[in-house]
Amino acid sequence: MKRLLLILTLMASPLWAVQPDEVLDDPVLESRARELSQGLRCLVCRNESIDESNASLARDLRLLLRERLVAGDSDDEAVDFIVGRYGEYVLLNPRVTGANWLLWGAGPLMLLLAGGLGFLYLRGRAGGKTTAEAPLSPEEEARLRDILDR
């Protein structure tokens, strides 16, 4: 029983990242803050959301997000404020706009380019001219017979 309790405690530990003093009194605002913080990256932990991270910078971002929501910002305005301050890297799911189109399209574009080049290479190789071997001269045939007879 103690092991089960320990396992459940360890599995739920990321949920404890939001400290009780950070929780808003308004449950609607708090649920909005929790939902938005799931999509924001902790800049210290890299691939954890600020909702899961125990880093002090993640705490600061959670508090900043809650301040913006209490001030009356919409969800988009609050996220845009944080993105404006910390850059688009703070988003766990980057937007597909501007220069990011190149990043989103580079993978499929490279796949098509590699496939096209491979096709052209194989096609050129298969359709290439094969050189016919010249027949042996009478002297070469005699020499070959001499070698084989030995």
Side-chain angles (χ1 to χ4, degrees), residues 1-20 22-23 30-69 73-150:
M1 183 66 178
K2 286 184 180 182
R3 285 186 180 187
L4 178 62
L5 185 59
L6 178 64
I7 290 171
L8 290 175
T9 303
L10 291 175
M11 287 175 54
S13 62
L15 299 176
W16 294 342
V18 177
Q19 302 299 316
E22 297 175 32
V23 177
E30 178 61 27
S31 69
R32 281 177 56 201
R34 293 298 291 262
E35 185 177 325
L36 291 175
S37 63
Q38 289 291 326
L40 296 174
R41 179 189 320 266
C42 174
L43 299 172
V44 176
C45 305
R46 305 277 168 116
N47 285 329
E48 272 188 336
S49 71
I50 62 171
D51 199 44
E52 300 168 338
S53 175
N54 288 319
S56 61
L57 181 59
R59 176 181 164 81
D60 293 343
L61 286 172
R62 288 192 302 264
L63 291 172
L64 178 62
L65 178 65
R66 283 169 171 74
E67 284 175 19
R68 300 305 304 174
L69 292 176
D73 285 359
S74 69
D75 293 354
D76 291 335
E77 290 172 336
V79 170
D80 288 342
F81 179 81
I82 292 175
V83 168
R85 188 176 254 192
Y86 293 97
E88 203 165 311
Y89 180 74
V90 78
L91 297 174
L92 277 173
N93 189 13
R95 298 174 180 153
V96 186
T97 58
N100 285 347
W101 276 106
L102 179 63
L103 294 174
W104 283 97
L109 184 65
M110 290 296 165
L111 180 65
L112 289 174
L113 182 65
L117 288 174
F119 175 76
L120 290 175
Y121 173 76
L122 291 175
R123 183 176 162 197
R125 195 170 167 202
K129 297 179 181 177
T130 56
T131 58
E133 295 181 17
L136 296 176
S137 67
E139 294 85 24
E140 291 171 334
E141 283 183 22
R143 171 104 171 102
L144 182 60
R145 272 192 223 120
D146 184 42
I147 292 174
L148 291 176
D149 288 340
R150 284 188 197 175

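It should be emphasised that the depicted structure is a prediction, and the values quoted were computed from it without experimental measurement.
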Any residue meeting side-chain hydrogen bond (donor to acceptor under 3.5 Å, both in side chains) with [X], in chain and number order, not counting sequence neighbours:
X     : value
Asn47 : Arg41
Asp60 : none
Glu88 : Asn100

Distance from [X] atom [atom1] to [Y] atom [atom2], nearest 0.5 Å?
X     : Y     : atom1 : atom2 : value
Leu36 : Ser31 : CG    : OG    : 9.5 Å
Ile50 : Leu65 : CD1   : CG    : 5.5 Å
Leu63 : Arg68 : CG    : CZ    : 14.0 Å
Tyr86 : Leu40 : OH    : CG    : 11.0 Å
Glu30 : Ser37 : CD    : OG    : 8.0 Å

Who passes side-chain contact (heavy atoms from CB on, under 4.5 Å) against [X], sequence neighbours left out?
X      : answer
Ala33  : Arg66, Leu69
Ala55  : Cys42, Val44, Cys45, Ser53, Ala58
Leu113 : Met110, Leu117
Glu140 : Leu136, Ser137

Inset, instruction - Provide the full list of salt bridge (Lys or Arg N to Asp or Glu O under 4.0 Å) pairs with a residue in residues 74-83, sequence neighbours left out, each pair given once. - result: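 Residue pairs with at least one partner in residues 74-83: Arg32-Asp75, Asp80-Arg95.
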Sequence neighbours left out, what passes salt bridge (charged side-chain N to carboxylate O under 4.0 Å, His left out) with [X]? Give chain and number order.
X      : result
Glu141 : Arg145
Arg85  : none
Asp146 : Arg150

